[in-house]
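Single-structure report; data block below.
Counting from 1, the numbers follow the sequence of the chain as shown.
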Amino acid sequence: DLMDVIGHLAGSLRGGLGIGIVLVGVLLGATTGIVGATVVTLGLLTLPGMIRRGYDPALACGVICASGTLGQIIPPSLILILLADILNLSVGTLFAAAMIPGLMLAGIYVIYILVLGIVRPESVPAFSVEERASISRIDLTKKLFKVVAPPVGLVAAVLGSIIAGIAAPSEAASMGALGSIAVAAIGGRLTWKVLRETAQATTKITAMMMFILICAQAFALAFRGLQGEKIVQDLFAFLPGGINSDIWFLMLIIFILGFFIEWIEISYIAVPLFLPVFLQANVDMVWLAILICVNLQTSFLTPPFGWALFFLRGVAPPEVSTGDIYRGVIPFIGMQIVALALVFLYPALATWLPKAIGW
């Protein structure tokens with residue numbers, strides 16, 4: 001429903017459907033935060049329609065994969081919650097810190113699609129006149145309030161309550177769960193089957209993460225006992241360029257690891273290894289956390305083990321090749337690296353909002 005409304009609102013704008021997917025990715029990310037669910041949903045509902053309307057298959061795949069991963073930086077993100085635990089920071093602070101970088105990344109995607117509409121208009125065609133005329137402005141306005149208001153209200157209830165200091169993140173999560181049930185009920189989609197499947201999926205994700213956490217703690221204990229931290233610190237001492245070089249070295253390692261292992265393992269095993277070096281240098285941990293989070297975005301798109309690529313391959317129509325999916329994500333990986341560089345060069349992108357609200 002969201003896609004249909006935003007696509008019609010875009011009207012004759014070239015790339016309007018692609019921009020709509022980015023905006024839906026932002027809303028879905030802020031309400032679910034689950035990459036698999038978002039990519040599969042967008043892939044099933046929008047990819048056939050985009051190809052039918054003349055979109056370049058590789059671009060369509062790239063937009064869907066990249067938009068589906070926005071939930072990993074736009075709060076309430078699972079990555080941010082884990083990083084808050086690892087770096088001993090407030091979850092609410094990281095939620096506030098990630099808002100501007102997350103929306104900035106979505107904005108970069110939108111600018112890229114708009115530029116493509118000028119440079120390569122045939123790859124991002126607008127909705128046809130007949131399709132735009134199929135729904136009246138009044139009906140479109142009614143539909144807009146009906147389908148956009150619930151997820152926006154849900155986001156406001158969760159994030160607003162945390163940032164305003166009304167609720168702790170755990171309490172806000174319960175508000176989000178209750179709000180999700182209410183939204184599903186209003187939409188006529190609330191069934192025992194949906195509730196059961198949601199509870200099972202939540203239990204699986206929680207159990208998986210707790211198991212990794214337990215194993216990571218055992219690994220960290222052995223690593224410290226064998227003086228591994230001192231070895232890492234000595235290695236950093238060889239790097240020229242001071243603390244900035246150390247930060248970019250960490251970013252490079254995280255980026256390379258993202259090709260082969262999941263962000264949870266990277267967060268719990270790789271990040272703590274280098275943490276003492278940055279604590280000793282008095283690096284702003286909030287800024288560092290957002291740099292890590294933006295960098296971890298790439299791990300969902302980088303082949304051969306980018307999860308978003310697998311999810312989309314599973315639901316993509318036969319005429320879309322695996323090569324199309326891989327080619328499509330390359331520009332978006334580049335845009336994520338640009339966003340990483342911007343957050344590095346302008347730390348206020350991450351630190352301004354927490355300070356502005358007194359966190």
query: Taking all non-hydrogen atoms of both residues, which atom of Gly117 and which atom of Arg14 are closest, and how far apart?
result: O-CD, 3.5 Å
- prompt: Are any non-hydrogen side-chain atoms of Leu312 and Val315 less than 4.5 angstrom apart?
  reply: yes
message: I'd like to know if Leu252 and Leu257 are part of one continuous hydrophobic network [Ile/Leu/Val/Met/Phe/Trp/Tyr, side-chain heavy atoms within less than 4.5 Å].
response: yes
statement: Nearest heavy-atom approach of Pro57 to Asp324 is CB-OD2, 3.9 Å
query: Which distance, rounded to the nearest 0.5 Å, do you find between the CZ of Phe259 and the OG1 of Thr298?
result: 7.5 Å
- line: One should read off an interatomic distance between Phe278 CZ and Trp287 CH2, to the nearest 0.5 angstrom, of 9.5 Å
- request: Take Thr46 and Val63, measure what side chain to side chain contact (heavy atoms under 4.5 Å, CB included) needs, and give me the verdict at the end.
  value: CA-CA 11 Å; Thr46 66; Val63 171; over 6 Å; no
message: Test your reading of the model: is there a side-chain donor-acceptor pair from Asp85 to the backbone of Leu82, 3.5 Å cut-off?
response: no
- prompt: Can Val124 and Leu114 be said to form a side chain to side chain contact (heavy atoms under 4.5 Å, CB included), step by step?
  reply: CA-CA 9 Å; Val124 285; Leu114 289 173; over 6 Å; no
query: Rounded to the nearest 0.5 Å, how far apart are CD1 of Ile337 and CE of Met251?
result: 12.5 Å
query: Does Leu42 reach the side chain of Leu47, with side-chain heavy atoms less than 4.5 Å apart?
result: no
- prompt: If only atom types and distance count, is the side chain of Ser67 paired as donor or acceptor with the main-chain N or O of Ile64 below 3.5 Å?
  reply: no
task: Could you give me the CA-CA distance, side-chain angles and deciding distance for Tyr55 and Glu122, then say whether side-chain hydrogen bond (donor to acceptor under 3.5 Å, both in side chains) is met?
output: CA-CA 8 Å; Tyr55 267 71; Glu122 72 285 350; over 6 Å; no
- line: In short, Ala84 meets Val91 closest at the heavy-atom pair CB-CG2, 3.7 Å
field: Heavy-atom closest contact (Gly43 atom, Pro48 atom, distance)
entry: O-CD, 3.4 Å
query: If you count the non-hydrogen atoms of other residues, nucleotides and ligands that lie under 6.0 Å from CH2 in Trp352, is the total more than 12?
result: no
Minimum side-chain heavy-atom gap Ile51-Asp56 below 4.5 Å: no
- line: Residues Arg313 and Val320: closest non-hydrogen pair is NH1-O, 2.8 Å
task: Take Ser267 and Ile86, measure what side chain to side chain contact (heavy atoms under 4.5 Å, CB included) needs, and give me the verdict at the end.
output: CA-CA 8 Å; Ser267 299; Ile86 293 165; 3.8 Å; yes
- request: Measure across Val39 and Ala308 and return the closest heavy-atom pair with its distance rounded to 0.1 Å.
  value: CG1-O, 3.7 Å
message: Using the rule that Ile, Leu, Val, Met, Phe, Trp and Tyr join whenever any side-chain heavy atoms are under 4.5 Å apart, tell me whether Ile118 and Leu17 fall into a single cluster.
response: no
Criterion side chain to side chain contact (heavy atoms under 4.5 Å, CB included) on Ile19 and Tyr109, from CA distance to verdict: CA-CA 8 Å; Ile19 293 170; Tyr109 294 165; over 6 Å; no
Sidechain-backbone polar pair: Gln297 side chain, Gln336 backbone, donor-acceptor under 3.5 Å: no
Aromatic ring pairing Phe249/Phe274, orientation class (parallel under 30°, perpendicular over 60°, tilted between): perpendicular
- prompt: Hey, are the side chains of Met99 and Pro75 touching, using non-hydrogen atoms and a 4.5 Å cut-off?
  reply: yes
field: Atom pair OG1/CH2 of Thr69 and Trp307 - distance to nearest 0.5 Å
entry: 15.0 Å
task: Starting at CD1 of Ile247, measure out to CD1 of Ile243 and round the result to the nearest 0.5 Å.
output: 5.5 Å
field: Linked, directly or transitively: Leu154 and Val26 (ILVMFWY side chains, under 4.5 Å)
entry: no
- request: Decide yes or no for Thr302 and Phe260: does some side-chain heavy atom of the first lie under 4.5 Å from some side-chain heavy atom of the second?
  value: no
field: Side-chain heavy atoms of Pro101 within contact of Ile73, under 4.5 Å
entry: yes
message: Could you see if Leu250 belongs to whatever hydrophobic cluster contains Ile256? Use Ile, Leu, Val, Met, Phe, Trp, Tyr and a side-chain cutoff under 4.5 Å.
response: yes
task: Indicate, with yes or no, if Ile21 and Ile111 share a hydrophobic cluster defined by side-chain heavy-atom contacts under 4.5 Å among Ile, Leu, Val, Met, Phe, Trp and Tyr.
output: no
query: In Å, rounded to the nearest 0.5 Å, how long is the span from CG of Leu291 to CG of Leu340?
result: 6.0 Å
query: Between the main-chain N or O of Ile254 and the side-chain N or O of Asn295, is there a donor-acceptor pair closer than 3.5 Å?
result: no
- request: With the side chain counted from C-beta on, respond yes when Met285 and Val283 share a heavy-atom pair under 4.5 Å apart, and no when they do not.
  value: yes
query: Any side-chain heavy-atom pair from Phe344 and Val294 closer than 4.5 angstrom?
result: no
